[in-house]
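Structure first, commentary second.
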Amino acid sequence: MSSTTEESDQIQQRRANLDALRALGVDVYPHGFDQQATVEAVVAAHSPSTGEALEAEQPRARTAGRILSIRSFGKANFLVISDGKARLQIYVRQDALSERDFQVFKLLDFGDWIGVDGRLFRTKTNELSVWASSLTFLSKCLLPLPEKWHGLQDIETRYRQRYLDLTVNPDSRRVFEIRSRVVTAIRAFLIARGFLEVETPMMHPIAGGAIARPFVTHHNTLDMRLYMRIAPELYLKRLTVGGMERVFEINRNFRNEGISTQHNPEFTMLEFYWAYAEYQGLMTLTEQMLAEVAVAATGGTEVTFGEHAISFAAPFRRLSLREAAREAASAKLGEPIPAEALRDRASAAALAARLGIDVAPSMGAGKIAAEIFEALCEDALIQPTFVHDFPTEVSPLSKQKPDDPDTVERFELYIAGFEVANAFSELNDPVEQRRRFEEQLASRAGGDDEAHAMDEDYIRALEHGMPPAGGEGVGIDRLVMVLTNSLSIRDVILFPLMRPR
RNA sequence: GGGCCCCUAGCUCAGUGGUAGAGCACCUGACUUUUAAUCAGGGUGUCCCGGGUUCGAUCCCCGGGGGGCCCA
């Protein structure tokens, strides 16, 4: 690891070059540069042009970027500069520059920022290049950058010093370009359908709207405990009470839980609420949205994720949770398991025991069915699949099915073996909502410290009348993982949480 | 939290119970169309940290730190 107290020769050399530039009278940290086109724009505008066309037109370019390579031949030299998206070669001839600019050139290091002015041409090897007529020093790279050929491989350094990763690993930059396109496409899709983008609190007096452990903080002036939000759900639904019939929010949630290739303590969720819609309508909207997002982000609906080819073309497969669990259990045990086995606690617990799945005393039949599903089915759901009809017991905010009070109108979308979305017909009956919260309190008393807390203020909002609505959360990070073939969530989060060194 | 694996030059990586190597980068020199430029010369290091075993530890053992993957 580099040390700032004892500088390596390379750092000393770079400092010496900086001092020499100052001695030449160069402003080594100028305030700006009159850039007329980005490197990307220059390349895009002239990459179709032949050498003859460039000779005839003599187009000029005034652009800037970071130096990614220097090939020196004495009086003729080549630089490659990049704006992070595209790369452009600069031809530096001693006889085309002022003496001072050529001296500046000789003091440049790999990684420095430079502005260039010159005419475009093609070299003998047909590479689009700028024949530099002036150079403007823009900033110094005092620390050596990772190697140009292998790039930065060290995973820890890529996360801790993302700027190095972005500088030398083009694939990393590509991931975050796609991420931006995903968010932009989702926004456009929802806004086109009359949804209003809103921002709701990130700090909550009660951490609600999901089943998760919160981060706790404190407000000094009000002397009150606050929780970083685990979900925006209850606030967005308050907005539907207020008559905002279609709302969405794309923002961070915080959950004080483990870190894994699929979990970062802060992560980005889309949540949207759609008055008068039921969960079936949400499935249709979701397949349309994700197909559009896939096209906008990657150019098509077919993507590669690890060893899998995944298709975002609608419609997605639909599968009920208990049926999926029943089938998987039947296959594993080699005998047909009847559907009723998941409906009462005794037989569900017995089935779980046979499957080697631990069951806590506080779990009812619904929770056990969900556990069996998670243990047996999740990993196999590679193609986008709506798993629907969840047990009421694990869904305190969802509306029951009219003909089956043990089941709610809820689905989760699975892609590549993990949960990407969670949606349901929203429970808007305040009396039933209070009963569900009380059930959660009982399960908390029974040892489940993730159970949902009572929220009186939310119940009061429901008492004022919330329209029937469907609501959905989509994990943006996981969606981006699938669309960019990233096997870890840390590869799609610019600055994932790391232990301090 | 548990299991397995990793940490050596700026970067990518070899390697050994006798204080360390390659490629790129870097330094010196040559070179006016190269593109992983080439040619000649140069090795730049707290082998993650601490302790132990040993005549001697980067290597073996113990503890710690950071990271990765899997499991919970």
Side-chain angles (χ1 to χ4, degrees), chain A residues 1-17 20 43 51 54-55 67-82 86-97 102 105-112 118-132 141-165 167-170 172 213 256-264 306 356-360 371 374-375 378-379 417-418 450 486-491 496-501:
Chain A
M1 292 290 103
S2 66
S3 153
T4 47
T5 49
E6 285 183 41
E7 293 185 348
S8 73
D9 285 356
Q10 289 197 48
I11 298 171
Q12 288 177 25
Q13 184 59 42
R14 283 163 182 264
R15 284 198 184 282
N17 285 344
V43 170
L54 292 173
E55 284 305 316
I67 297 171
L68 293 186
S69 106
I70 301 174
R71 290 185 291 276
S72 182
F73 295 80
K75 292 177 178 128
N77 308 271
F78 298 89
L79 302 176
V80 175
I81 65 170
S82 170
R87 296 180 176 199
L88 180 61
Q89 179 167 271
I90 312 300
Y91 182 44
V92 180
R93 279 176 70 114
Q94 186 169 16
D95 62 11
L97 289 178
F102 195 70
F105 162 76
K106 287 195 286 187
L107 295 168
L108 294 178
D109 286 300
F110 172 42
D112 289 354
R119 68 175 176 86
L120 286 155
F121 74 110
R122 283 189 184 276
T123 63
K124 282 178 184 168
T125 52
N126 207 36
E127 170 111 11
L128 180 69
S129 308
V130 178
W131 194 303
C141 180
L142 288 169
L143 303 179
L145 289 176
E147 190 213 333
K148 61 186 175 186
W149 186 243
H150 295 94
L152 179 63
Q153 300 298 318
D154 184 80
I155 293 171
E156 184 175 353
T157 308
R158 289 184 51 216
Y159 296 155
R160 288 190 190 276
Q161 294 175 270
R162 181 69 82 183
Y163 46 89
L164 294 178
D165 184 35
T167 297
V168 300
N169 294 341
S172 177
R213 286 193 191 82
N256 202 343
E257 297 178 344
I259 293 176
S260 79
T261 50
Q262 288 172 44
H263 299 85
N264 193 63
I357 296 166
D358 287 339
V359 166
E371 293 282 325
E374 277 185 31
E378 278 190 6
D379 291 350
F418 47 80
E450 289 192 341
S486 300
L487 300 182
S488 169
I489 197 170
R490 296 180 144 196
D491 293 325
L497 186 67
M498 303 288 281
R499 271 197 174 82
R501 296 211 74 159

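Note: hydrogens, waters and symmetry copies are ignored here, and every other heavy atom, side chains too, is used. Letters A, B, ... are given to chains in the order of the sequence lines, protein chains preceding strands, and every chain is numbered from 1.
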Next on the checklist: Checking A:T261 now: which residues fulfil side-chain contact (heavy atoms from CB on, under 4.5 Å) with it, not counting sequence neighbours?
Outcome noted: A:S488
Next on the checklist: By nearest heavy atom, map A:L152 and A:W131 onto RNA chain B; which one lands nearer the 5' end?
Outcome noted: A:L152
Checklist entry - Which salt bridge (Lys or Arg N to Asp or Glu O under 4.0 Å) pairs, counting each pair once, include a residue from residues 88-97 of chain A, with sequence neighbours left out? => result A:R93-A:D95
At a cut-off of 3.5 Å, list every protein nitrogen or oxygen paired with a nitrogen or oxygen from nucleotides 68-72 of chain B, distance to 0.1 Å.
residue, atom, partner, partner atom, Å
B:G68, OP1, A:R490, NH1, 2.1
B:G68, OP2, A:R490, NH1, 3.4

Checklist entry - When the distance from CG of A:L68 to P of B:C11 is rounded to whole Å, what number comes out? => result 17 Å
Checklist entry - Rounded to whole angstroms, how far apart are CG on A:L54 and C1' on B:U33? => result 15 Å
Item to check | Counterpart residues, side-chain contact (heavy atoms from CB on, under 4.5 Å), relative to A:V130 (two or more places apart) | outcome: A:A61, A:L88, A:I90, A:V116, A:L120
Checklist entry - How far does the P atom of B:U44 sit from the matching atom of B:A22, given to the nearest Å? => result 11 Å
Item to check | Name of the residue among A:L107, A:L108, A:L142 meeting side-chain contact (heavy atoms from CB on, under 4.5 Å) with A:N17 | outcome: A:L107
Checklist outcome for this item: Parsed dot-bracket for RNA chain B after applying the Watson-Crick and G-U rules with both distances under 3.5 Å and | for other-strand partners is (((((((..((((....[..))))((((((.......))))).)...(((((..]....)))))))))))).
Checklist entry - What string of B, S and - do you get for nucleotides 22-32 of chain B, 5' to 3', if B is base contact, S is sugar-phosphate-only contact and - is no contact with any protein heavy atom under 4.0 Å? => result -BBBSS---BB
Checklist entry - A:R158 near the nucleic acid: base, sugar-phosphate alone, or nothing, with a heavy-atom cut-off under 4.0 Å? => result nothing
Checklist entry - Considering only the P atoms, how many Å lie between B:G45 and B:U8, rounded to the nearest integer? => result 15 Å
Checklist entry - Expressed in whole Å, how much space separates the C1' atoms belonging to B:G43 and B:A9? => result 9 Å
Next on the checklist: Once side chain to side chain donor-acceptor pair (under 3.5 Å) is applied, do any residues pair with A:S172, and if so which ones, sequence neighbours excluded?
Outcome noted: A:D165
Next on the checklist: My understanding is that only residues two or more places apart in sequence, or in another chain, count here; which of them pass salt bridge (charged side-chain N to carboxylate O under 4.0 Å, His left out) with A:R122?
Outcome noted: none
Next on the checklist: Just the rounded figure in Å: distance from P of B:G10 to CG of A:D154.
Outcome noted: 13 Å
Checklist entry - Does B:G67 have OP1 or OP2 sitting under 4.0 Å from an N or O in the side chain of A:R160? => result yes
Checklist outcome for this item: By side-chain contact (heavy atoms from CB on, under 4.5 Å), A:S72 pairs with (sequence neighbours left out) A:N77
Next on the checklist: Using the rule given for side chain to side chain contact (heavy atoms under 4.5 Å, CB included), can you reason through A:R119 versus A:Y91, listing the C-alpha separation, both sets of side-chain angles and the distance that settles it, and then say yes or no?
Outcome noted: CA-CA 10 Å; A:R119 68 175 176 86; A:Y91 182 44; over 6 Å; no
Next on the checklist: Given B:U12, B:C11, B:U33, identify the nucleotide with an atom nearest to the side chain of A:F78.
Outcome noted: B:U33
Item to check | Interatomic distance at C1', B:G23 relative to B:G64, whole Å | outcome: 34 Å
Checklist entry - What distance, rounded to whole Å, do you find between the two P atoms, one in B:U19 and one in B:C4? => result 32 Å
Checklist entry - Which pair of heavy atoms, one from A:M498 and one from A:E156, lies closest together, and at what distance? => result CE-CG, 4.0 Å
Item to check | Integer angstrom distance from the P of B:C61 to that of B:C11 | outcome: 27 Å
Checklist entry - Residues in side chain to side chain donor-acceptor pair (under 3.5 Å) with A:Q161, at least two apart? => result A:Y163
Item to check | Side-chain N,O (A:R71) to OP1/OP2 (B:A37) below 4.0 Å | outcome: yes
Next on the checklist: Donor-acceptor check, side chain of A:E371 to backbone of A:D358, threshold 3.5 angstrom: yes or no?
Outcome noted: no
Next on the checklist: Please report the distance, rounded to the nearest Å, between CD in A:Q153 and P in B:A14.
Outcome noted: 12 Å
Checklist entry - Could you give the CG-to-P distance, from A:N264 to B:G67, as a whole number of Å? => result 13 Å
Checklist entry - Can you check the A:Q89 CD to B:A37 P distance for me, whole Å? => result 10 Å
Checklist entry - With A:E378, which residues qualify under side chain to side chain donor-acceptor pair (under 3.5 Å), at least two apart? => result A:Y414
Checklist entry - Is B:U19 in the syn or the anti form, by the rule that syn lies within 90° of 0? => result syn
Item to check | Length of the CD1-P vector between A:I11 and B:A9, whole Å | outcome: 14 Å
Checklist outcome for this item: By side-chain contact (heavy atoms from CB on, under 4.5 Å), A:S82 pairs with (sequence neighbours left out) A:L68, A:R87
Item to check | Between B:G42 and B:C24 - P atom distance, rounded Å | outcome: 15 Å
Item to check | B:G18 versus B:C59 - spacing of their P atoms, nearest Å | outcome: 11 Å
